[in-house]
Each structure stands twice: as structure tokens, then as C-alpha cells.
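Down below is the structure, laid out as C-alpha cells.
For clarity, every value in this text was computed on a predicted model and none was experimentally measured. Start at 1 with the first residue, then count along the sequence.
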Amino acid sequence: MTSRWQDLPTEARHPESHDLDRRSTEEVVALLLDEDRRALEATRGQAAEIARGAEWLAETLAAGGDVVFVGAGTSGRLGALEAAELPPTFGTDPERIRAVLAGGPEAIFRAREGAEDVAADGAAAVAELKPRDLVVGLTASGVTPFVLGALAAARQRGLRTVLLTCGRVEEGIVDLVIALPTGPEVLTGSTRLKAGSATKAALNALTTAAMVRLGKVYGNLMVDVRPGSAKLVDRAVRIVAAAGEIPVERARELLAAADGETKTAVVMARAGVDASVARHRLTLAEGRVREALDRPCDQARTKG
């Protein structure tokens with residue numbers, strides 16, 4: 001019986017690692033890291049496609065739609081990680097960018113490999129989505145039934161679809177393909193290695209670029225950060241101080257006056273307005289700090 005996976009790039013044997021078990025530990029580590037570097041260089045070649053996906057992600061969120069990452073195994077876990085990290089970093093609603101993993105949430109911590117083989121389960125996972133939503137499929141191999149089932153069902157209902165893969169994909173199955181040519185793994189078939197690294201890098205670029213477009217970044221500062229821990233409170237204070245060009249203690253005062261809203265405190269510092277005026281400016285500017293600062297001076301001023 002012919003294998004449906006044997007000809008996949010991610011299943012091929014690496015020409016330089018046939019003697020992996022005979023190499024020194026240092027040699028194994030060096031080869032793994034060299035291959036990760038090569039995979040990231042290959043990912044750079046998909047910058048235009050990643051940028052297009054980022055624009056779609058931003059457009060979807062701006063229009064009130066949701067973004068859903070659908071994946072299995074390592075790829076699915078990376079999608080879950082990306083979705084989990086966006087709210088504290090960019091202040092996004094956890095329900096607006098979320099992940100669906102073959103095997104359910106418990107598959108994040110314990111592998112449920114057979115769950116990825118059912119296309120109907122993938123279709124069911126996106127059955128409640130709206131036409132304005134965006135589905136991003138994540139599959140290193142490019143042939144995972146759960147992911148392809150979700151994408152096919154979503155596209156049939158008119159949703160935009162993106163496929164992020166390290167394999168070869170037939171044209172026409174999704175609206176946008178981001179194909180990362182990472183090639184064979186050092187450990188044959190183990191796509192948690194450089195395929196996983198490349199996928200993570202692409203996801204980082206995809207989401208961060210989208211957040212920049214949505215105005216959640218001022219300069220290179222995460223001005224929508226949610227200060228939910230001691231570290232993030234400290235970071236928020238330093239962000240306000242840096243963006244507002246004011247002393248740290250003054251930044252701390254403004255952040256308190258802004259009820260912990262980093263972006264509001266930045267506008268207060270730069271424009272010399274109080275919290276209510278800063279919020280109003282941000283509302284008119286659709287949350288973009290730079291545009292809020294370009295608005296005419298207001299009468300209300302901060303005190304002290």
C-alpha cells in the first residue's frame with residue numbers, strides 16, 4: 001500500500017543527519033540550530049504572503065470579525081500559544097482571536113494524534129463562525145484532515161481562509177497560502193523542530209504586523225499592554241515614561257490617573273490633557289496614539 005505521507009517534504013530524510021545517533025552531543029545541537037537558522041531564512045521568502053495575511057487579520061478585527069487559528073499537534077499548540085499571548089500584549093479580547101485544536105483543549109498538554117484524522121471534526125469546529133470571520137489553518141504537512149476540513153467548510157460558507165504550512169499545497173483550496181519551505185527535519189518527520197520554529201516565527205510576524213496596523217503600537221512600544229502582573233505594571237510605567245518623555249514617577253502618576261490604561265496615559269503625557277480628553281481623542285482616532293496626538297489642543301489639561 002502506497003503511503004500518502006512518504007513524499008511530503010516534512011517527511012523526507014535529511015541528507016546530513018543519517019548518522020545522527022553517532023554524532024557527539026555538541027554536533028547534534030549545532031546541526032539542529034543550523035537547520036533552525038536555515039528555516040527562518042526560508043520563511044523570510046514568504047514575507048509578502050505573511051504581510052497580506054496580516055492585513056487580512058487587521059481588516060477582519062477592524063470590521064468586527066473574529067480570527068480563529070485551526071490546527072493539530074505542534075502547529076495547533078503554536079496557534080493556541082499565539083492566541084493566548086495576544087490579550088496581555090495588545091489588549092485584545094480573548095474571544096476575538098482564539099484557537100481550535102484537534103482533540104480539544106486537553107490536547108495542548110497531552111498529545112491526541114488520532115484527533116487530527118477526522119475532517120468532519122474540523123468542519124464542525126468552524127460551523128458557528130460568521131462570514132466576516134477569518135480562519136487560519138496551521139499544518140506543517142499541509143495534509144492534516146482536521147485542518148483541511150475546517151478550511152473547506154469555512155470557504156464554502158464565504159469566510160476568508162489562510163493556510164500556513166511547511167508542505168506543498170494544491171492551489172485553490174484556500175484564499176491565501178503561506179508556504180514555508182523548511183524541508184526535511186534533522187530527526188525525520190519531527191516537525192516540532194525547524195518546521196515548528198518557522199511556524200512560530202511566521203505567526204509572530206502575522207499577528208504583530210496586524211496589531212501595528214490596528215494602532216496597538218506607538219513607535220515600537222506596546223501601548224495597549226494590560227498591566228496584569230508586577231512585571232507588566234513596571235513595563236507599562238516605563239512605556240509611558242519613554243513615550244511621554246517624562247520621569248518614571250510622573251509616568252506612574254499618569255498611569256494611575258488613567259486607571260491603568262497605558263495608551264491613555266501616553267496621550268495625557270504627550271498632549272498635556274486629562275484622562276477623559278485623552279480617551280476622547282483616542283476614540284476619535286480609533287485607538288491610534290499618533291493620530292490622537294495630531295488632533296488640535298484641547299482646553300482640558302492635566303494638573304500638577
Using residues 80-89 as the side-chain source, report each donor-acceptor pair under 3.5 Å to any protein atom, sequence neighbours left out, with the distance given to one decimal.
{"unit_1": "Glu82", "atom_1": "OE1", "unit_2": "Lys200", "atom_2": "NZ", "d": "3.0"}
{"unit_1": "Glu82", "atom_1": "OE2", "unit_2": "Thr207", "atom_2": "OG1", "d": "2.6"}
{"unit_1": "Thr89", "atom_1": "OG1", "unit_2": "Glu85", "atom_2": "O", "d": "2.9"}

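The minimum heavy-atom distance between Ala242 and Leu221, with the atom names listed, is CB-CD1, 4.3 Å. Here the closest non-hydrogen pair linking Leu101 and Gly76 is CD1-CA, 3.2 Å. Gly244 and Ala269 make their closest contact through CA-CB, 3.8 Å (heavy atoms, listed as atom of the first residue, atom of the second, distance). Ala241 and Ala251 make their closest contact through N-CB, 3.6 Å (heavy atoms, listed as atom of the first residue, atom of the second, distance). The heavy-atom pair separating Val126 from Ala150 by the smallest distance is CG2-O, 3.6 Å. Minimum heavy-atom separation, Ala275 to Ala257: CB-O, 3.8 Å.
Under the side chain to side chain donor-acceptor pair (under 3.5 Å) criterion, the residue pairs touching residues 178-191 are Ser190-Arg192, with sequence neighbours excluded. Sequence neighbours left out, the pairs with a member in residues 151-167 that pass side chain to side chain donor-acceptor pair (under 3.5 Å) are Glu59-Arg160, Arg155-Asp175, Thr161-Asp175.
For the pair Arg226 (side chain) and Thr92 (backbone), a donor-acceptor distance under 3.5 Å is present. With Glu11 contributing its side chain and Leu8 its backbone, the two residues share no donor-acceptor pair below 3.5 Å. Between the side chain of Lys194 and the backbone N or O of Arg38 there is no donor-acceptor pair closer than 3.5 Å. Here the side chain of Arg96 pairs a donor or acceptor atom with the backbone of Leu61 at under 3.5 angstrom. Arg98 places a side-chain N or O within donor-acceptor distance of the main-chain N or O of Glu95, the cut-off being under 3.5 Å. Looking at Arg77, its side chain does come within 3.5 Å of a backbone N or O of Ala107 through a donor-acceptor pair. A donor-acceptor pair under 3.5 Å is absent between the side-chain atoms of Asp66 and the main chain of Asp133, judged by distance alone. Remark: side-chain polar atoms of Lys216 are not paired, donor with acceptor, to backbone N or O of Met211 under 3.5 angstrom. Between the Thr144 side chain and the Val147 main chain, no donor and acceptor come within less than 3.5 Å of each other. Not a single donor-acceptor pair under 3.5 Å links the side chain of Ser75 to the backbone N or O of Gly71.
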Legend entry - Residues Ile239, Val223; criterion side chain to side chain contact (heavy atoms under 4.5 Å, CB included); working and verdict: CA-CA 7 Å; Ile239 287 171; Val223 288; 4.0 Å; yes
Inset, instruction - Given side chain to side chain contact (heavy atoms under 4.5 Å, CB included), test Val135 with Phe69 step by step and report yes or no. - result: CA-CA 6 Å; Val135 175; Phe69 297 118; over 6 Å; no
Inset, instruction - Kindly indicate, with the supporting measurements, whether the criterion salt bridge (charged side-chain N to carboxylate O under 4.0 Å, His left out) is fulfilled by Glu106 and Arg110. - result: CA-CA 6 Å; Glu106 60 269 26; Arg110 186 182 295 273; over 6 Å; no
Legend entry - Stepwise salt bridge (charged side-chain N to carboxylate O under 4.0 Å, His left out) check, Glu286 with Arg288: CA-CA 6 Å; Glu286 297 181 334; Arg288 291 172 169 79; 3.6 Å; yes
Inset, instruction - Dump the intermediate steps for side chain to side chain contact (heavy atoms under 4.5 Å, CB included) on Val70 and Val136, then the final yes or no. - result: CA-CA 6 Å; Val70 180; Val136 181; over 6 Å; no
Legend entry - Trace of the salt bridge (charged side-chain N to carboxylate O under 4.0 Å, His left out) decision for Asp294 with Arg290: CA-CA 6 Å; Asp294 286 342; Arg290 200 171 296 279; over 6 Å; no
Inset, instruction - Before giving the answer on salt bridge (charged side-chain N to carboxylate O under 4.0 Å, His left out), spell out for Arg52 and Glu49 the whole-Å C-alpha distance, their side-chain angles and the decisive distance to 0.1 Å. - result: CA-CA 5 Å; Arg52 187 181 179 194; Glu49 288 75 13; over 6 Å; no
Inset, instruction - Check the pair Met222 / Arg235 against side chain to side chain contact (heavy atoms under 4.5 Å, CB included), numbers first and verdict last. - result: CA-CA 9 Å; Met222 53 173 78; Arg235 182 182 297 166; 3.6 Å; yes
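Annotation: side chain of Val237 is in contact with side chain of Val248 (closest heavy-atom distance under 4.5 Å). Leu31 has its side chain within reach of Ser17: a pair of non-hydrogen atoms, C-beta onward, lies under 4.5 Å apart. Residues Leu138 and Leu78 have side chains not in contact (no heavy-atom distance under 4.5 Å, counting atoms from C-beta outward). Side-chain contact check for Thr25 versus Val28: every heavy-atom pair is 4.5 Å or farther apart. Side-chain contact check for Val225 versus Leu232: some heavy-atom pair is nearer than 4.5 Å. Proximity of Trp56 to Val162: side-chain heavy atoms (C-beta onward) are separated by under 4.5 Å at one or more points. Within the 4.5 Å cutoff, the side chain of Ile246 has heavy atoms near those of the Leu254 side chain. Side chains of Asp259 and Arg279 form a contact here, defined as non-hydrogen atoms less than 4.5 Å apart.
Rounding to the nearest 0.5 angstrom, the gap separating the CE atom in Met268 from the CD atom in Glu261 is 9.5 Å. Note: Tyr218 OH to Glu291 CD = 12.0 Å, rounded to the nearest 0.5 Å. Taking OG1 of Thr139 as the start and CG of Leu164 as the end, the distance is 9.5 Å to the nearest 0.5 Å. Taken to the nearest 0.5 Å, the CG atom of Leu20 stands 12.0 Å off from the CZ atom of Arg22. With rounding to the nearest 0.5 Å, the separation of OG1 in Thr208 from CZ in Arg213 is 12.0 Å. The CG atom of Leu187 sits 8.5 Å away from the CG atom of Leu32 when rounded to the nearest 0.5 Å.
Val217 and Val240 fall into different hydrophobic clusters, where Ile, Leu, Val, Met, Phe, Trp and Tyr side chains are chained together by heavy-atom contacts under 4.5 Å. Note: the hydrophobic cluster containing Val273 also contains Val266 (ILVMFWY, side chain heavy atoms under 4.5 Å, direct or indirect links). Residues Val212 and Leu203 fall within the same hydrophobic cluster, defined by Ile, Leu, Val, Met, Phe, Trp and Tyr side chains chained together at heavy-atom separations under 4.5 Å. Under the 4.5 Å side-chain heavy-atom criterion for Ile, Leu, Val, Met, Phe, Trp and Tyr, Leu159 and Val169 are members of the same hydrophobic cluster. Tracing side-chain contacts under 4.5 Å through hydrophobic residues (I, L, V, M, F, W, Y), one reaches Leu180 starting from Leu176; they form part of the same cluster.
For Arg44, the CZ atom is loosely surrounded, since the number of other residues' heavy atoms within 6.0 Å does not exceed 12.
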